[in-house]
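Below is one structure; the comments refer to it alone.
Indexing begins at 1, ligand by ligand and atom by atom, following the structure's order. The first residue of the sequence shown is numbered 1, and numbering continues consecutively from there. Keep in mind that this is a model prediction, so the values were computed, not measured.
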Amino acid sequence: MSKDVVVVADPLPESVLEPLGDFEVRFCEGSNPSALKNALPDASALLVRSGTQVDRGVLAAAPNLRIIARAGVGVDNIDVEAATRAGVLVANAPRSNVLSVAELTIGLILTGLRHVFPANAALRAGQWNRSRYQGRELAGSTVGLIGLGHVGTLVAERLQPFNVSLLAYDPFVSSAHAASVGAHLTDLDSLMARSDIVSVHVPRTPETRGLIGGRELQLAKPSLLLVNTARGGIIDEGALNTALKEGSIAGAALDVFEIEPAVGNPLLNHESVLATPHLGASTREAQERAGREAVAAVVQALTNQPVPSAINPSLRPG
Ligand SMILES: NC(=O)C1=CN([C@@H]2O[C@H](COP(=O)(O)OP(=O)(O)OC[C@H]3O[C@@H](n4cnc5c(N)ncnc54)[C@H](O)[C@@H]3O)[C@@H](O)[C@H]2O)C=CC1
Ligand SMILES: O=C(O)CCC(=O)C(=O)O
């Protein structure tokens, strides 16, 4: 009997692939749609990170597919509805990388407030300019968290010892949960108007696309530092560009962009924008956890066991 084919479309640590020993493992460059489609006709499983878009065309090229496993949290790169219609399980690795994202968020807030990146670039370019890069203390600030799920909660917990006031906007969590991490639930407008720092931790969905647009940015303090380690497109990039140009907010720290790779994105022209290339989950620990969990889901699906991390549980086998 021929072995089930597992296509690995994004880089994963080699150490996590060991449980796939009973299958044929095929590597391909998932960011290249034709390479991806060519790898899929006889595939039973597809393993991805965020670099691979799994749309209807990709699903049509994979008639034998039984599971798409996402080594990470966000599944906005997968057409889950179309996969469900095609009878394909979609599983992710919730929580696997959320600590890494929370730690990066804290790093971006602190380095953003102290202008570490532009000061570093200026010094390397031969400028010793101490007054230009005077920053602000985090202590005493009001921090607004948009989304108080796994990442937002870890960020809140890590911010508490800095003596900040924490606001949160998340209609789907209880005020008791918010209070347990020292945060006070409020509406989005009030959060935007009262915060010195706003950090985004919601998934990208039709409801959250453009959640922070021109109107919300107009409500903000001119000193606002806006941080996004969730997904591009939740903040309207055109509106953010305008706000930064006009000086109606002070700066932004962005790990994610509407279109990635974000090379050439006009936001990168602002000295007040600190940018990283979607590195939230890029730690050794997070990648091992995410890879291991995604591989476990593939093994479960291909051996007809229940897949607890499936997002479309109505399709769970077993
Ligand atoms: N930069 C990176 O490498 C990474 C980014 N992420 C992103 O971070 C996002 C958040 O991750 P988690 O905290 O694990 O997700 P989560 O599902 O635990 O939390 C998301 C929170 O957003 C809230 N929410 C949903 N829709 C909302 C809306 N319309 N308005 C306000 N709140 C809303 C939910 O109630 C929930 O509490 C992921 O969806 C993913 O896109 C996750 C991992 C790595
Ligand atoms: O795969 C990656 O590194 C991206 C992680 C991410 O954005 C997620 O897990 O939602």
Does [X], backbone or side chain, put an N or O under 3.5 Å from an N or O of ligand 2?
| X | result |
| --- | --- |
| Ser282 | no |
| Gly74 | yes |
| Val73 | yes |

Given Ala230, Ala93, Ala281, which one has a non-hydrogen atom that is nearest to atom 7 (C) of ligand 1? Ala230
Hey, looking at atom 25 (C) of ligand 1, which of Pro94, Ser50, Gly147, Pro203 has the closest heavy atom? Pro203
NZ/NE/NH1/NH2 to OD/OE distance under 4.0 Å, [X] and [Y]:
| X | Y | answer |
| --- | --- | --- |
| Asp42 | Arg26 | yes |
| Asp236 | Arg209 | no |
| Arg85 | Glu81 | yes |
| Lys221 | Asp196 | yes |
| Glu288 | Arg284 | no |

Quick note on ligand 1: atoms under 4.0 Å from a heavy atom of Pro171 include exactly 30 (N), 31 (C), 32 (N)
Under 4.0 Å from any heavy atom of Val101, which atoms of ligand 1 are there? 4 (C), 43 (C), 44 (C)
Can you find a non-hydrogen atom of Gly72 under 4.0 Å from ligand 1? no
Could a heavy atom of His278 be found less than 4.0 Å from some atom of ligand 1? yes
Do any N or O atoms from the side chain of Thr208 and from the backbone of Leu211 form a donor-acceptor pair under 3.5 angstrom? no
Note the single closest protein heavy atom to [atom], along with its residue, its atom name and the distance in Å.
| atom | result |
| --- | --- |
| atom 16 (P) of ligand 1 | His150 N, 3.9 Å |
| atom 4 (C) of ligand 2 | Ser50 OG, 3.3 Å |
| atom 8 (C) of ligand 2 | Arg70 NH2, 2.9 Å |
| atom 3 (O) of ligand 2 | Arg49 NH2, 2.6 Å |
| atom 7 (O) of ligand 2 | His278 NE2, 2.7 Å |

Part of Leu148 with heavy atoms under 4.0 Å of ligand 1, whether side chain, backbone, both or neither: backbone
Counting only non-hydrogen atoms of the protein, does one fall under 4.0 Å from atom 39 (O) of ligand 1? yes
